[in-house]
Amino acid sequence: MNARLSSPPRAALMLSVALAGIAAASCTPGSQIGSTAQNAGPARAGGAGAFAPYDAQARRLLAQMTLAEKIGQMTQADHEFIKDPADVQRYFLGSVLSGGSSDPASGNNPRDWEGMYTNYQRIAVGTRLKIPLLYGVDAVHGHNNVLGAVVFPHNIGLGATRNPQLVQRIGQITADEVRATGPNWAFAPCICVPRDERWGRTYEGFSEDPQLVSTLGEAAVRGLQGRSLNDPLTVLASSKHFAGDGATSMGTGGPDKRFLDQGDARMDEATLRRIHIFPYKAAVDAGVGSIMPSYNSWNGVKVSGIRYLLTDVLKGELGFGGFLISDYRAVDQIDPDYKTAIEKSINAGMDMVMVPDRYPEFIRLLTELVNENRVPMSRIDDAVVRILRVKIAMGLMDPSWTPQPDAAARSRFGSAEHRAVARQAVRESMVLLKNDRGALPIRSGLRRIHVAGRSADNLGFQTGGWTVDWQGKSGEVMPGGTTVLAAIRKAAGSGTQVTFAQNGTGAAGADLGVVVIGEPPYAEGQGDRADLSLDPADAASVAAMKAAGIPVVVVLISGRPMILGPVLEQADALVAAWLPGTEGDGVADVLFGAYKPTGKLSYSWPASMAQIPINVGDADYRPLFPFGFGLTY
Ligand code: GLC
């Protein structure tokens with residue numbers, strides 16, 4: 001069945017559009033992003049037209065290429081597995097990536113990255129046809145691999161802002177900081193539509209609502225790619241992971257098929273289109289240059305090998321004119337025989353393969369497949385033309401092209417200007433779920449505020465996964481960041497004593513207790529959980545604070561809604577701050593009333609594990625807090 005893409009349920013559409021209106025209206029005017037002044041400018045041509053202007057030049061270049069040079073362009077290796085950088089020339093590699101933990105050998109500062117990137121590019125342009133590399137990184141909430149970068153709220157928080165202009169500005173800044181260190185490709189935005197909070201990638205999604213994902217995903221693409229891809233301060237974006245990554249059933253994914261990640265999305269085509277393919281139309285129309293097919297299966301078949309989805313729907317029906325980049329070793333999962341897996345994926349429409357380690361073997365096998373007529377040369381040529389069109393659009397083939405980062409961009413890396421935008425995003429992402437007895441905003445002139453909780457003074461918990469390391473890590477992960485505790489100390493002022501005990505002891509006699517709890521960092525399947533109850537240590541710190549008989553404010557730093565249990569009753573005020581990133585001051589801005597909370601839930605909040613999955617539009621919909629919920633002062 002070839003049902004055209006239809007919009008999501010009308011109720012959800014109306015609700016999220018209405019909320020977007022509310023949020024946009026409630027966006028603080030003036031210098032704050034959201035007044036669109038910062039983001040005016042013509043939208044880039046999208047869809048099939050996006051890369052057509054570069055087709056002739058790409059085909060002229062293709063005509064000069066050997067099979068080895070063509071297959072090299074289709075091959076992406078990870079820096080951590082390239083033992084000899086000369087392999088870029090030896091195999092005519094078209095692209096290199098740095099995975100979540102794949103940093104320069106010399107260190108992880110901006111200059112280390114610049115040195116690594118320019119070295120690879122110098123080698124790449126030493127080849128016969130002088131075709132520069134696409135260098136990809138997972139800049140999914142800022143240039144999060146690199147020390148000193150501004151780390152923005154993860155997408156779940158941006159979904160709560162309902163502010164596409166802000167999301168576009170964040171994309172712009174992310175591109176600026178990435179280009180300041182060299183790389184020219186971000187594997188972002190993730191436009192998954194997570195439907196089950198037990199999935200470890202829920203926080204990478206803007207929302208459970210496809211319309212909201214579509215709106216913010218488009219804004220992110222426009223921010224990352226700018227008005228022109230050949231602007232040295234923009235990057236190639238990669239909308240991911242196509243399609244149904246957020247739709248898998250519990251017990252079909254993970255290494256032992258007990259969880260969700262990379263599992264099986266079981267649904268009819270109409271549902272897959274309505275919810276999970278829907279956001280890709282706006283991405284394609286916004287001119288996204290690459291799309292990353294997903295690990296998951298659709299009704300038992302690996303999507304990265306389904307020609308109907310990759311070629312007929314995405315490239316045909318939606319008119320996607322860029323190229324498809326596989327996920328990390330995703331091709332390997334298509335068939336137990338690697339050569340057959342490559343054959344199935346390339347013939348399905350995959351254009352570039354994130355190998356990322358055994359690239360000599362990949363190249364040998366794909367060469368054999370062409371020589372054995374199992375992969376037609378026409379498919380190779382189509383893939384290479386798509387890659388070359390994007391590279392030409394990015395200015396990589398211009399005589400003036402240089403790998404040297406823009407000097408001005410270097411000076412803006414981690415700048416106060418960038419941090420101010422991240423701080424606004426933190427403010428607008430916060431959702432006030434409960435506020436009894438006027439616990440918030442925190443009044444001035446208090447004698448003592450007692451702070452507790454594992455997440456109060458831990459930048460690594462605040463930034464979450466995909467920060468410096470793939471899985472993130474605890475502690476002082478990112479120079480230049482501000483923890484929630486440090487922010488509270490600043491906002492409270494000199495007249496108020498701020499004390500801290502992680503377990504909540506020592507609260508007696510304080511005027512107010514603030515307990516900051518949530519989840520340690522994780523990424524992908526390592527974040528899959530069958531039980532989303534709060535950690536016992538967190539529950540205990542809230543109980544200890546409550547036992548002191550003082551008003552208690554609970555701040556939840558998590559990648560998803562969690563099962564609150566007695567904490568809901570014990571808290572006088574409850575705020576969802578999601579994974580706010582480095583700018584903890586944004587949390588204090590709202591707690592102390594410098595700004596009102598305007599965030600609206602972009603996910604339904606379950607009352608119990610028994611309710612999960614629960615999504616807006618469900619027939620029997622009785623969440624603890626509904627999609628779109630959020631109080632203010
Ligand atoms: C990961 C993720 C994908 C990421 C890629 C490169 O496994 O699925 O989102 O872009 O590999 O790190």
Side-chain angles (χ1 to χ4, degrees), residues 75-82 95-103 113 134-146 154-156 174 178 183-194 199-206 213 217 220-221 224 235-248 253-255 259-263 265 276 279-280 283 288-297 302-304 323-334 345 350 352-357 359 464-472 521-528 559:
T75 306
Q76 182 183 63
D78 190 319
H79 157 69
E80 76 172 294
F81 300 114
I82 298 179
S95 179
V96 174
L97 83 139
S98 277
S101 306
S102 171
D103 305 324
W113 279 81
L134 291 174
Y135 198 106
V137 290
D138 286 283
V140 295
H141 61 146
H143 194 5
N144 35 254
N145 282 35
V146 184
H154 269 294
N155 285 349
I156 189 170
T174 298
V178 170
N184 51 16
W185 186 5
F187 301 127
C190 181
I191 56 173
C192 60
V193 186
W199 186 37
R201 305 197 76 164
T202 297
Y203 68 78
E204 295 188 62
F206 291 108
V213 172
V221 167
L224 288 164
V235 294
L236 173 65
S238 200
S239 294
K240 67 185 186 182
H241 314 80
F242 181 85
D245 47 351
T248 53
F259 286 107
L260 291 146
D261 191 45
Q262 304 185 14
H276 302 283
Y280 285 86
V288 71
S290 71
I291 288 178
M292 187 183 294
S294 57
Y295 284 116
N296 64 275
S297 302
K302 284 289 179 185
V303 169
S304 289
F323 68 89
L324 299 182
I325 171 70
S326 82
D327 206 334
Y328 199 92
R329 295 197 191 104
V331 167
D332 309 37
Q333 296 181 7
I334 294 170
S345 192
M350 197 69 75
M352 183 186 285
V353 174
M354 186 185 294
V355 178
D357 44 4
Y359 49 91
W466 295 104
T467 307
V468 180
D469 278 344
W470 174 43
Q471 292 293 316
Y522 54 80
E524 301 193 46
Q526 298 192 31
D528 281 9

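The structure displayed is predicted, hence computed values, not measured ones. Both counts, for ligands and for their atoms, begin at 1 and track the order of listing. Below, all heavy atoms of this structure are taken into account, side chains as well, without hydrogens, waters or symmetry copies.
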Only counting residues at least two apart or in another chain, list the ones meeting side chain to side chain contact (heavy atoms under 4.5 Å, CB included) with S326.
V331, M350, V353, M354

Per-atom contacts, ligand 1 versus [X] - under 4.0 Å to a heavy atom:
X: F187; answer: 10 (O)
X: K240; answer: 3 (C), 4 (C), 9 (O), 10 (O)
X: Y328; answer: 7 (O), 11 (O)
X: H241; answer: 3 (C), 8 (O), 9 (O)

Protein residue, atom and distance nearest to atom 12 (O) of ligand 1, heavy-atom basis
D138 OD2, 2.5 Å

If you scan protein heavy atoms around atom 1 (C) of ligand 1, the nearest is E524 OE2, 3.1 Å

With a 4.0 Å cut-off on heavy atoms, is R329 in contact with ligand 1?
no

May I ask whether E204 places a heavy atom under 4.0 Å from ligand 1?
no

Determine whether the side chains of E524 and W470 contain a donor N or O and an acceptor N or O closer than 3.5 Å.
yes

Do you see a donor-acceptor pair shorter than 3.5 Å between the side chains of S290 and W185?
yes

Using the benzene-type ring in the case of Trp, are the ring centres of Y203 and Y522 under 6.0 Å apart?
yes

What about the rings of H154 and W466, do their centers lie closer together than 6.0 Å?
no

Carboxylate-amine/guanidinium contact D357 R329, below 4.0 Å:
yes

Evaluate Y295 for polar contact with ligand 1, using N/O atom pairs at a separation under 3.5 Å.
yes

Is the closest N or O pair between D327 and ligand 1 shorter than 3.5 Å?
yes

Decide yes or no on side-chain contact (heavy atoms from CB on, under 4.5 Å) for Q76 and V355, but give the supporting numbers first.
CA-CA 6 Å; Q76 182 183 63; V355 178; 5.8 Å; no

